[in-house]
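Residue numbers count from 1 along this sequence.
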Amino acid sequence: MPSYSYASLSIAIGIILLYLGGAAGAVMRKGKAARAWGVAVPVTRLAFAAALAVLGMALFLPRAPGFFGLLHADTLSGLLLALVTGLGSVIASYSRRYLEGEPRQARYVACLLLVLGSVSLIAIAANWTVLIAAWIATSFAIHGLLVFYPERPFAVLAAHKKILVSIVGDALLVASAVAAWHTVGSGSFAVLGRYIDTRGAPLPLQVSAVLLVLGVILKTAQLPVHGWLIQVMEAPTPVSALLHAGVVNLGGFVLIRLSMLVGSAPVAQALLVAAGTLTAILAGVVMLTRISIKVRLAWSTCAQMGFMLLECGLGLYDLALVHLIGHSLYKAHAFLTAGESVRTARRARLAPAVGGLGWIYALAAPAVTLALVLGSQMLWLGSVTAAWPLVWSAVLALAWAPLLWIAPPAPLRGFLVGSGYIFALLTLALLWRTLPIMPLEIGAGTQPLWEDVALIGAFATAYALIAALNNVPDGSALARLYRLVYAGFYLDEVFTRLAIRLWPPRLPRQKPAIMMDGTCYTHALESGEAS
């Protein structure tokens with residue numbers, strides 16, 4: 001193989017070294033914020049330019065065999081590198097203005113660059129050891145950003161819960177790697193794929209897949225361990241953008257990278273479908289009851305991660321990859337423009353009510369989205385079921401239908417804009433198959449009929465509930481249900497109390513304050529009631 005095929009991998013390794021060097025430079029300039037940002041901003045921009053070069057080489061040049069089975073740079077790696085470095089460049093520039101005048105900026109810069117470097121290492125990981133080490137490094141680096149305001153008890157508690165979940169998730173990933181390594185005789189993902197292709201997946205690999213899925217479920221903030229993702233809103237806004245757009249999504253990337261393992265284990269796929277469906281439905285419903293824009297976005301991320309896991313469980317890895325990229329870009333934009341989102345929401349509340357049109361849009365939206373899903377497959381692939389079976393198309397239609405519910409004063413225009421957005425997303429997902437990324441359809445087998453019926457029934461019920469909560473006036477028969485939904489079904493309270501009892505956090509001391517309901521703030525926080 002020509003030597004130039006190694007160029008993309010060499011540049012990818014250089015990106016990681018660039019981030020690490022930038023982090024070291026920021027630490028050396030401790031207490032000098034201007035100099036720290038003078039290092040960070042050029043580093044992130046140079047890394048983005050290098051990542052685009054990696055992606056271009058991966059698309060058009062022969063693929064390098066790897067670096068001793070530890071690292072490789074294929075198209076999938078190039079996509080994640082370009083996504084993460086691009087977001088990192090924007091977030092670094094935004095953070096420089098956002099944190100002006102704040103203390104501890106040099107530490108913030110170091111942690112930010114370490115997060116970007118660790119995620120970049122995950123992108124090119126070709127071995128269990130590298131993947132797990134990079135993911136653990138990401139967790140500890142993001143922890144430093146989550147506690148940027150150490151005097152805020154909620155920030156410390158949320159970061160504490162997050163690190164607990166990450167530790168358990170890391171332990172499950174290590175167990176999964178041990179089971180796979182012992183069976184295959186190597187930690188290389190390429191060797192694992194060849195083993196499954198030739199010999200199938202014996203019981204130890206089935207167990208490895210289940211452990212991997214459980215670890216990913218924890219790390220992607222699925223219910224009921226989702227609370228930390230909602231409560232890290234205490235961190236600076238650019239940290240929320242980085243977390244929701246580039247860190248939580250890593251679970252979906254790992255499932256796509258290891259699709260040959262997950263797709264060979266029916267139990268693992270069933271776990272993904274069950275956990276993803278439950279989280280997508282419940283988090284999607286709870287999101288509608290939230291007033292704070294950032295909290296709504298956090299619940300939205302929780303729901304979107306659930307839907308991404310569902311896509312992987314159904315074998316729709318191509319759609320999951322498009323979903324990952326689209327969600328990352330959207331969430332980064334949404335958090336970094338949260339101020340404008342607040343103004344938009346206020347204008348919507350002052351606009352005249354839609355009235356009975358709300359129910360008309362709610363009833364019409366599923367039919368329109370189903371027509372878009374089926375029509376796009378017919379247009380681009382020549383068959384309405386060429387990409388996804390009819391049952392999965394119906395699930396996609398129900399999941400995307402709320403995108404057509406646009407607030408006044410221009411609901412019809414919003415309905416059309418939402419339809420165009422869905423069609424563009426479908427087009428990208430279908431044309432994605434023509435790119436030389438990887439065999440993304442591994443594990444996309446047929447489901448039993450009862451599972452298909454249960455899946456459609458669950459999403460149809462959730463859609464009806466969301467439509468009711470969105471259109472039925474307050475004070476109706478849904479009032480009691482609304483209170484339950486607003487409380488997040490009290491799922492996080494149980495986990496919070498358990499986390500505090502197992503490993504009590506060191507919360508900053510402060511003067512007792514009285515909450516709106518008359519409860520002592522400090523007591524409520526320590527008991528978990530303020531979560």
Do the side chain of E100 and the main chain of S95 share a donor and acceptor less than 3.5 angstrom apart?
no

Would the distance check show the side chain of T279 and the main-chain N or O of L223 forming a donor-acceptor pair, the cut-off being under 3.5 Å?
yes

Looking at every non-hydrogen atom in both residues, tell me the closest pair between S188 and S186 and how far apart they are.
N-OG, 3.1 Å

When you compare the side chain of L18 with that of L46, does any pair of heavy atoms fall below 4.5 Å?
yes

Counting N and O atoms only, with roles assigned by atom type, does the side chain of T44 sit under 3.5 Å from a partner on the main chain of V41, one being a donor and the other an acceptor?
yes

Are S264 and L205 side-chain neighbours, meaning at least one heavy-atom pair lies under 4.5 Å?
no

Are L71 and L121 packed together at the side-chain level, in the sense that at least one heavy-atom pair is separated by less than 4.5 angstrom?
yes

Under 6.0 Å from the OH atom of Y94, do we count more than 12 heavy atoms belonging to anything else shown?
yes

To the nearest 0.5 Å, tell me how far L255 CG sits from T220 OG1.
8.0 Å

Quick one: are W299 and L229 in side-chain contact, heavy atoms under 4.5 Å?
no

State whether a side-chain donor-acceptor pair under 3.5 Å links K331 with S240.
no

In terms of ring plane angle, is the pair F148 and Y108 parallel, tilted or perpendicular, where the classes change at 30° and 60°?
perpendicular

Nearest heavy-atom approach of L113 to A23 is CD1-N, 3.4 Å

Separation between CG of L116 and CD1 of I15, rounded to the nearest 0.5 Å:
11.0 Å

So, W228 versus H160, ring centres under 6.0 angstrom or not?
no

Here the gap from W400 atom CH2 to L425 atom CG, rounded to the nearest 0.5 Å, amounts to 4.5 Å

Indicate yes or no for a side-chain donor-acceptor contact from S93 to the backbone of V90 under 3.5 Å, with no hydrogens or angles considered.
no

Heavy-atom closest contact (L80 atom, A123 atom, distance):
CD2-CB, 3.6 Å

Side-chain (T301) to main-chain (L297) donor-acceptor, under 3.5 angstrom:
yes

Under the salt bridge (charged side-chain N to carboxylate O under 4.0 Å, His left out) rule, collect the residues that match up with R104, sequence neighbours excluded.
E151

R257 side, atom CZ; L321 side, atom CG - distance, nearest 0.5 Å:
10.0 Å

Plane angle bin for W128 and F189 - parallel if under 30°, tilted between 30 and 60°, otherwise perpendicular
perpendicular

Can you find a heavy atom in the side chain of L502 that is under 4.5 Å from one in the side chain of L164?
no

List the steps and the verdict of side chain to side chain contact (heavy atoms under 4.5 Å, CB included) for I293 and F335.
CA-CA 9 Å; I293 296 298; F335 273 104; over 6 Å; no

Would you check if I16 and I124 make a side-chain contact, meaning some heavy-atom pair closer than 4.5 Å?
yes

Between S176 and L172, is there a donor-acceptor pair closer than 3.5 Å when you use the side chain of the first and the backbone of the second?
no

Within 45 degrees of the axis of the six-membered ring of Y149 and under 6.0 Å from its centre: does R152 put its NZ or CZ there?
yes

Trace of the side chain to side chain contact (heavy atoms under 4.5 Å, CB included) decision for I142 with K162
CA-CA 10 Å; I142 198 70; K162 197 270 180 190; 3.6 Å; yes

Beyond-backbone contact of L309 with M305, side-chain heavy atoms, under 4.5 angstrom:
no

What residues form a ring pair (Phe, Tyr, Trp, His ring centres under 6.0 Å) with Y195, not counting sequence neighbours?
none

If you define the side chain from C-beta out and look only at heavy atoms, does anything of P224 sit under 4.5 Å from V494?
no

Using a 3.5 Å distance criterion without hydrogens, assess whether the side chain of T289 forms a donor-acceptor pair with backbone atoms of V286.
yes

Is there a donor-acceptor pair closer than 3.5 Å between any side-chain N or O of S166 and the backbone N or O of I163?
no

In terms of heavy-atom contacts, does OH of Y98 have more than 12 from other residues, nucleotides or ligands at under 6.0 Å?
yes

Enter the distance from W37:CH2 to R96:CZ here, rounded to the nearest 0.5 Å.
8.0 Å

Please give me the minimum heavy-atom distance between R501 and P504, naming the atom from each residue.
O-CD, 4.2 Å

Within the distance-only criterion (no hydrogens, no angle test), does the side chain of S328 pair as donor or acceptor with the backbone N or O of A245 below 3.5 angstrom?
yes

Would you say the side-chain atoms of Q231 and D492 include a donor-acceptor pair closer than 3.5 Å?
yes

Would you say that more than 12 heavy atoms from the other residues, nucleotides or ligands in this model lie under 6.0 Å from the CD of E102, or not?
yes

Considering non-hydrogen atoms only, spot the tightest contact between P204 and T183 and give its length.
CB-OG1, 3.0 Å

Under the 3.5 angstrom rule, does the side chain of R290 hit a backbone N or O of V295 as a donor-acceptor pair?
no

Once rounded to the nearest 0.5 Å, what's the spacing between atom CD1 of I256 and atom CG of L316?
11.0 Å

In terms of the angle between their ring planes, are H323 and H327 parallel, tilted or perpendicular, with boundaries placed at 30° and 60°?
perpendicular

Quick test of your reading: applying side-chain hydrogen bond (donor to acceptor under 3.5 Å, both in side chains), list the pairs with at least one residue in residues 129-142, sequence neighbours left out, ordered by first then second residue.
N127-T129, S139-K219

Which heavy atom of H72 sits nearest a heavy atom of S77, and at what distance?
O-OG, 3.5 Å

